[in-house]
Amino acid sequence: MSAIGVAKQPLHLVNRLAFGPRPGDLETVARLKPQAWLAQQLHPESLPEPPALTEAIAQLDTLRMTPPELFAQFGPPMAVMGVKPDPAVVKAARRAARVVVQQAMAARVYRAVLETRQLREVMVAFWFNHFNIFADKGLDYLWVGAFEEDAIRPHVFGRFRDLLGATARHPAMLFYLDNWQNTAPDAPGARRRFEGINENYARELMELHTLGVNGGYTQADVTALAHILTGWGIVRRENPARPNFARRQRRLAAMGAVRTREGFFFDPTRHDFADKVWLGRTIHGSGIEEGEKALDVLAQSPATAHHLSFKLCQYFVADNPPADLVGRLAQRYLETDGSIREVLLGLFASSEFWDLGHYANKFKSPYEFVISAVRATGLPVRNVQPLIGTMAMLGMPLYGCQTPDGYKNTQDAWLNPDAMMMRLSFAAALGAGRLPIDRPPTDFMTDNPRHPPRALLERTGMAADDGIAAEATPDPIELAMTVGDMFSARTTAAVEAAPNNLRAALILGSPEFMMR
Amino acid sequence: MIKAGKGRALRIGRREFVKIAAAASARVLLLGTHGWVARAATGDSSRKRLVVVFLRGAVDGLNVVVPYGDDAYYEARPTLAIPRRGDGAVVDLDGHFGLHPALAPLMPLWRDGTLAFIHACGSPDPTRSHFDAQDYMESGTPGIKSTPDGWMNRVLGVLPGHSATSVLSLGPVVPRILSGRMPVANLPLGRGAARPIALDNPRIEQAFDRLYDGADPLSRAYQQGRLARARLIGELRQDMIAADNGAPSPEGFPQDAERLAGLIQHDPSIRLAFTALGGWDTHVNEGASRGQLANHLAQLGQGLALFANQLGPAWDDTVVLVISEFGRTMHENGNGGTDHGHGNVMWVMGGAVRGGKVYGNWPGLGRGELYQERDLAVTTDFRAPILAVLQTHLGLTPTQLATVFPDAPTTASTPWLIRV
């Protein structure tokens, strides 16, 4: 096995640890040397946020709201004195609330495109996908952005246990996997929709978030973990004017109730306080501590270490990651108390990561393809809707994965004939400056962001025959310099043979640009 | 030059076209965002076809074909049971089982003997993971994760009269059940399927043709995509124009089912179709005669009834299988829902089906009869009914059946389920 040479190292790093190069990125990495650039990326606090990004994010006010605040301002209108709200009012509220998910999408894409601390954005996307939630399930349309901001983003380089704990307590996850209703059947608080065990979260917590499906647990362990997690729920809107409000609060606190500003609520009146046997050990009935203990056990398990290492290697190295590397990283995970930064350091220092055989061997997911294409052009982004729409057309709607396993990250999952047609149409539209990404969105409220962009669904030629004026058009020579010397003789010949106004499209739609 | 509707032509170099067309004698195409159709090679005279509908998320089979004769069912489901009589009652099938009332549109098929069910059907593998169970049901090899291809792709590989076949599907991704050695091309369908894309511009397409003229995986995907667009877009466009005349089309699955029926009528060489529907993972607020599950079933039942009706005489050559990865717990949980279970019900319909019957060995719901004391047991391996369809309906030989389902339980010596 031979190592990736010095000339190719900057592109390898920027393709794997970032969403591909923006203008000047390859030169920056070459100047700093890979080691120094890598160190910066693993310590994002050492770099400033680009001012343009700070400005763009500042506009997105709902990003700084907690789940209870979001619910209060944008949630469904409540019945007043037993009278249900008018359906028109409900509909208007739902419409007004769309701004929340649209701002979350805008924040995600702005950062992915503009942020210089790219590895953090790569890891936010990676861990969000690992702990996937679906924005279109129930109230999660309100909370998907808050979930990413509060439960994922702060922990992407930290201890896995912290990341796991933050997701376990977040209202978005509690809602998505139904644990907010998980209740001990005989508990005093078991009534109405809180009547019994719901094992949905307990199962996916072990299968997807930690141990992995072959992690050595049984159906009895799923049920026991569901009992351990009874009472883990969401703060309810309560009226302090109700009689006995203060007394009830004191009583709950005495029983071990926990509530957080982010909307987590541990309700001891719905918890099963019996002892449980789980994964071969006894968990003594004690309240919320049982769940915290269970998360400790899961985070420290060798099965978890292996599962996470496999996924990281599959993302950063190869679709079929080298078993030896996975094993070494799992070991490092266990030795460092589950430090994600330490595991990544080991990964990026490994000979496998730098093996020439793994160079440009990953087929970009739709998200990676779209983001990397926009980055390469260096075009400003004020309107993310055409990008969001393209991701949806390619089968990877942002915040739109319905199932908790998240999207796959392999060539098998994403390479197919229709994907090629749509990717190339996107490349053609972007390369011709016909995607209106530079135009400020006129009205956040009016459009479904996942609609296919118009420019992809029309036979847009080079001529603006439909009245859509061309946006700023990427210059093919600058584009070629930005993405570096990666093209085969065939691609070079095809680009050279094409008319100048098609060359940017061909570069963005080249086989080499499909890979990272 | 290939005509592509509205007098427009999509250009593919003649040489490339011949090359691709030779490899594309059987094709699959998708309906809606999740469905596919395969076409037979020219020269294969058989018009027998198989449609598979996958209900992803594990549908609650005990509330689809309800064992209303079992008291244990009512004891286990105080709020979710479908009542024996009165408002929202089951629609009786055979005195012991009854159909969910939302599926009443399927009763004409039951009465004319073209709808059957196999109850307590499922996988021999005990997993309650959606993802593993779907994987096994699509690979056709329960318990074995390394199987590289899906069983419908293997069916395409052995369909009689085929030498080189390829698959053409529609939708953004190719499902596991259709992936494999037989090449797969896909196209978008649903509402925007027939709309032109930027790549249809001849100048753009010619430029990209040069970039993707190789035999590598990306080039092959590109070439199949171009062929798929060239050959199908015109047909789809006509279908959609036709569908726009008259009443507005129903949304969702009924719309897709109607379109599938239309395509089959246009092109009798379509042999395999696949579609998947989500939304069946009812851990919370499942509802009984009305509610979440009922709404989903109503869509499905309406779509299937429309499909059967629309096919007309072609219904006689069609078998539809409705499958789901596993069933759900017999007992309702504490949140008006059900959790992951084991045995389920499989639906089989079509002109050739020996219907009007609930097949399978009913294990009962009593203490000691449940699987792991909580779920309906599996008494029929899910591959058994599929094998019966492949054998009797599609005419596969024992050797071919063994290719499609290696290590499957032995096939029945006498034909069942399908009329000979």
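Convention: sequence-line order gives letters A, B, ...; per-chain numbering from 1. All heavy atoms count here, side chains included; hydrogens, waters and symmetry mates do not.
Taking chain B as the reference chain and counting heavy-atom pairs below 4.5 Å, the highest number among A:L424, A:D178, A:V222 is found for A:L424. Of the listed residues (A:P185, A:S510, A:A505), the greatest number of heavy-atom pairs within a distance under 4.5 Å of chain B belongs to A:S510. The choice from A:I197, A:L208, A:L177, A:V495 that makes the most heavy-atom pairs within less than 4.5 Å of chain B is A:I197. Among A:A220, A:A497, A:G509, the residue with the largest count of heavy-atom pairs under 4.5 Å with chain B is A:G509.
Separation of atoms CZ (B:R128) and CD (A:Q219) is listed at 4.0 Å; rounding is to 0.5 Å. A distance of 9.5 Å separates CZ in A:F487 from CG in B:L211, rounded to the nearest 0.5 Å. Separating the CD1 atom in B:I197 from the CG atom in A:D418 is a distance of 7.5 Å, to the nearest 0.5 Å.
When side chains are defined from C-beta on, A:R423 does not count as touching B:L218, because their heavy atoms never get closer than 4.5 Å. The side-chain heavy atoms of A:D412 and B:R176, taken from C-beta on, include no pair separated by under 4.5 Å. Side-chain contact between B:S129 and A:R203 is absent, with no heavy-atom pair separated by less than 4.5 Å. Counting heavy atoms from C-beta outward, B:Y212 and A:M420 have side chains that approach closer than 4.5 Å. With a 4.5 Å cut-off on side-chain heavy atoms, A:S425 and B:F208 do not count as touching. Inter-residue side-chain proximity for A:T403 and B:H130 is flagged as unmet; no heavy-atom pair is nearer than 4.5 Å.
Contacts of B:P126 with chain A are absent, with no heavy-atom separation under 4.5 Å from either backbone or side chain. Using a 4.5 Å cut-off between heavy atoms, A:T492 does not touch chain B at all. The contact between A:Q181 and chain B is made by backbone and side chain atoms together, counting heavy-atom distances below 4.5 Å. Residue B:D216 touches chain A through its side chain alone, counting heavy-atom pairs closer than 4.5 Å.
Between A:P499 and B:R203, the shortest heavy-atom contact is CG-NH2, 3.4 Å. Taking each heavy atom of A:A493 and B:R210 in turn, the nearest pair found is O-NH2, 4.4 Å. For the pair B:R374 and A:E199, the tightest heavy-atom approach, listed with the atom from each and the gap, is NH2-OE2, 3.0 Å. The nearest pair of heavy atoms linking A:M421 to B:G225 is SD-C, 3.6 Å. Taking every heavy atom of both residues into account, A:G196 and B:N335 meet most closely at O-ND2, 3.7 Å. For the residue pair A:R490 and B:S219, the shortest heavy atom distance occurs at NH1-OG, 3.6 Å.
Residues satisfying the ring-ring contact (aromatic ring centres under 6.0 Å, His included) criterion with B:Y371, sequence neighbours excluded, are B:H342.
Defined by atom type and a distance below 3.5 Å, a donor-acceptor pair is present between the side-chain atoms of B:H283 and A:N200.
Heavy-atom contacts from other residues, nucleotides or ligands closer than 6.0 Å to NZ of A:K408 number 12 or fewer.
Counting only residues at least two apart or in different chains, salt bridge (charged side-chain N to carboxylate O under 4.0 Å, His left out) contacts with residues 327-338 of chain B comprise B:D281-B:R328.
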